[in-house]
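Remember, predicted model here, so these are calculated numbers, not experimental data. We're numbering straight along the sequence, starting at 1.
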Amino acid sequence: MFSKLLIPLSFVVLFYGTSSNGQKKKETLLSEKVGQMMDWASKRAVIRMNGEKFRRFVRAPPRNYSVIIMFTALQPQRQCAVCRQADEEYQILANSWRYSSAFTNKVFFALVDFDEGADVFQMLSMNSAPTFINFPPKGKPKRADTYELQVRGFAAEQIARWVADRTDVHIRVIRPPNYAGPLMLGLLLALIGSLAYLRRNNLEFLYNKNVWAFSALCFVLIMTSGQMWNHIRGPPYAHKNPSTGQVSYIHGSSQAQFVAETHIVLLFNAAVTLGLVLLHEAATSNVDIGKRKIMCIAGIGLVVLFFSWLLSIFRAKYHGYPYSFLIS
């Protein structure tokens with residue numbers, strides 16, 4: 001009877017002993033991975049990864065930490081200006097986390113360059129850069145774990161909000177001091193002050209309606225073209241597909257825009273405005289009839305042509321918009 005009980009008991013002891021050894025190996029492996037990641041993070045805020053490192057420290061279990069990875073193409077021959085701009089913001093975010101008093105091993109920031117990890121791009125079926133993906137501690141990345149770069153832009157503050165949403169880690173972005181803005185403002189004020197001083201005996205230009213009208217018009221054109229949106233969201237200047245090399249200057253969504261797009265819209269609005277001014281001058285000025293006809297034709301041409309282009313851009317962004325004029 002004792003021998004019959006001893007056999008099942010030995011199996012139980014063997015099972016739990018094997019399970020315990022497996023758990024210890026798992027904990028040891030996890031400790032080694034965390035230690036290695038912490039060592040890399042202490043030397044560089046953004047850990048550069050190739051295919052081997054990605055498979056070992058991101059894809060393979062066990063893992064109790066999140067990894068934010070920027071997939072990019074920084075080599076000069078790739079000619080990805082957006083990648084370099086996004087990398088600067090990404091470095092600011094990663095350094096803000098690295099030197100934060102709240103820094104832990106809960107989140108690591110990494111980077112995979114196409115020329116160093118093309119196999120990773122192929123593994124993830126990725127054909128565009130830059131792309132930010134959060135790899136959570138457990139399970140595969142969900143749709144929300146891919147950062148919407150075209151919608152939210154690549155400003156460090158925007159990425160930090162997304163990181164907080166996906167990992168519950170809140171990072172206070174600390175930017176290095178930038179004296180360019182205050183310096184330019186100081187130079188501008190100094191220039192204005194110098195001009196006012198030189199013409200202190202004749203300040204009639206301050207009462208010139210045309211000067212104030214032109215200044216107000218420039219301000220309106222800048223604001224209506226979306227420059228404030230660019231300042232808040234920090235979108236890329238344009239987007240280049242690393243696979244095809246095609247550069248897009250107009251964003252295909254109504255929820256986002258490129259910096260180049262705002263410049264194009266500003267120029268088109270300015271051209272339409274110039275056309276209207278020419279039409280007004282043709283109707284009210286006292287110049288000879290020949291010049292007035294030229295001004296009228298030029299004004300109509302500017303308004304018709306550039307309004308058609310503006311409408312075509314609107315149609316490209318708001319899919320399903322039914323109306324067009326000259327250019328579809």
Side-chain angles (χ1 to χ4, degrees), residues 25-74 83-124 126 128-149 152-176:
K25 289 182 179 179
K26 186 177 180 180
E27 291 176 357
T28 302
L29 178 59
L30 178 60
S31 177
E32 291 176 354
K33 292 172 70 173
V34 172
Q36 182 63 74
M37 293 289 284
M38 289 292 288
D39 181 60
W40 285 334
S42 66
K43 298 175 181 177
R44 180 181 291 180
V46 177
I47 303 170
R48 295 187 74 97
M49 288 190 169
N50 53 22
E52 181 183 354
K53 289 181 179 178
F54 176 80
R55 284 186 287 271
R56 181 182 175 189
F57 292 94
V58 180
R59 297 282 284 188
R63 183 162 54 86
N64 63 352
Y65 51 86
S66 296
V67 184
I68 309 295
I69 298 184
M70 174 184 176
F71 297 90
T72 186
L74 295 174
C83 295
R84 291 190 290 273
Q85 295 170 5
D87 180 63
E88 293 176 1
E89 293 294 311
Y90 191 58
Q91 295 288 343
I92 291 173
L93 175 62
N95 277 293
S96 298
W97 172 237
R98 175 187 174 188
Y99 295 108
S100 170
S101 59
F103 176 73
T104 64
N105 59 10
K106 188 176 180 180
V107 176
F108 294 100
F109 290 88
L111 179 147
V112 176
D113 191 282
F114 180 78
D115 292 282
E116 299 173 1
D119 53 337
V120 180
F121 277 73
Q122 186 176 3
M123 181 193 310
L124 300 176
M126 192 174 300
S128 64
T131 300
F132 299 91
I133 299 180
N134 167 52
F135 291 86
K138 295 181 180 179
K140 296 182 179 180
K142 300 177 181 178
R143 183 176 181 180
D145 286 312
T146 299
Y147 180 69
E148 295 178 323
L149 179 66
R152 306 176 69 169
F154 51 69
E157 291 79 6
Q158 292 293 333
I159 303 176
R161 294 188 187 98
W162 169 72
V163 171
D165 180 59
R166 303 313 304 163
T167 66
D168 202 30
V169 171
H170 298 269
I171 303 173
R172 181 172 173 263
V173 176
I174 301 176
R175 292 183 174 275

T131 side chain to F71 backbone, donor-acceptor under 3.5 Å: no
Taking atom OG of S101 and atom CZ of R172, what is their separation to the nearest 0.5 Å? 10.0 Å
Between the OG atom in S100 and the CD1 atom in I174, the distance rounded to the nearest 0.5 Å is 7.0 Å
Would you say S96's side chain and I92's backbone share a donor-acceptor pair under 3.5 angstrom? yes
Checking M49 against V120 for the side-chain contact (heavy atoms from CB on, under 4.5 Å) test, could you report, in this order, the C-alpha distance in whole Å, the side-chain angles of both residues, the deciding distance, and whether it holds? CA-CA 10 Å; M49 288 190 169; V120 180; over 6 Å; no
Let me check something: any side-chain donor-acceptor pairs from residues 103-112 under 3.5 Å, sequence neighbours excluded? List them with distances.
from, atom 1, to, atom 2, distance (Å)
T104, OG1, K106, N, 3.2
K106, NZ, T167, O, 3.4

To the nearest 0.5 Å, atom OG of S128 lies from atom CZ of F121 at 8.5 Å
Filter on salt bridge (Lys or Arg N to Asp or Glu O under 4.0 Å), then keep only pairs touching residues 30-54, sequence neighbours left out; what's left? D39-K43, R48-E116
Where do T72 and D87 land on the side-chain contact (heavy atoms from CB on, under 4.5 Å) test, with the steps shown first? CA-CA 8 Å; T72 186; D87 180 63; 5.7 Å; no
What one should report as the nearest heavy-atom pair of C83 and M70 is O-CE, 3.7 Å
Crowded around E27 CD? As in, over 12 foreign heavy atoms under 6.0 Å? yes
Assess whether side-chain contact (heavy atoms from CB on, under 4.5 Å) is satisfied between V163 and W97, documenting all intermediate values. CA-CA 11 Å; V163 171; W97 172 237; over 6 Å; no
Nearest 0.5 Å please: distance from the OG1 atom of T146 over to the CD1 atom of I133. 4.5 Å
Taking distance alone, no hydrogens or angles, what donor-acceptor pairs closer than 3.5 Å link side-chain atoms of residues 152-161 to residues at least two apart or in another chain?
from, atom 1, to, atom 2, distance (Å)
E157, OE1, R175, NH2, 2.9
E157, OE2, R175, NE, 3.0

Does D119 have any side chain to side chain donor-acceptor pair (under 3.5 Å) partners at least two apart in sequence or in another chain, and if so, which? R55
Please enumerate all residues that pass ring-ring contact (aromatic ring centres under 6.0 Å, His included) together with F132, with sequence neighbours excluded. Y90, Y147
Using distance only, find each side-chain donor-acceptor pair of residues 59-68 under 3.5 Å and give its atom names and separation, not counting sequence neighbours.
from, atom 1, to, atom 2, distance (Å)
R63, NE, V58, O, 2.9
R63, NH1, Y65, O, 2.8
R63, NH1, F135, O, 3.1
R63, NH1, P136, O, 3.0
R63, NH2, V58, O, 3.0
R63, NH2, P136, O, 2.9
Y65, OH, F57, O, 2.8

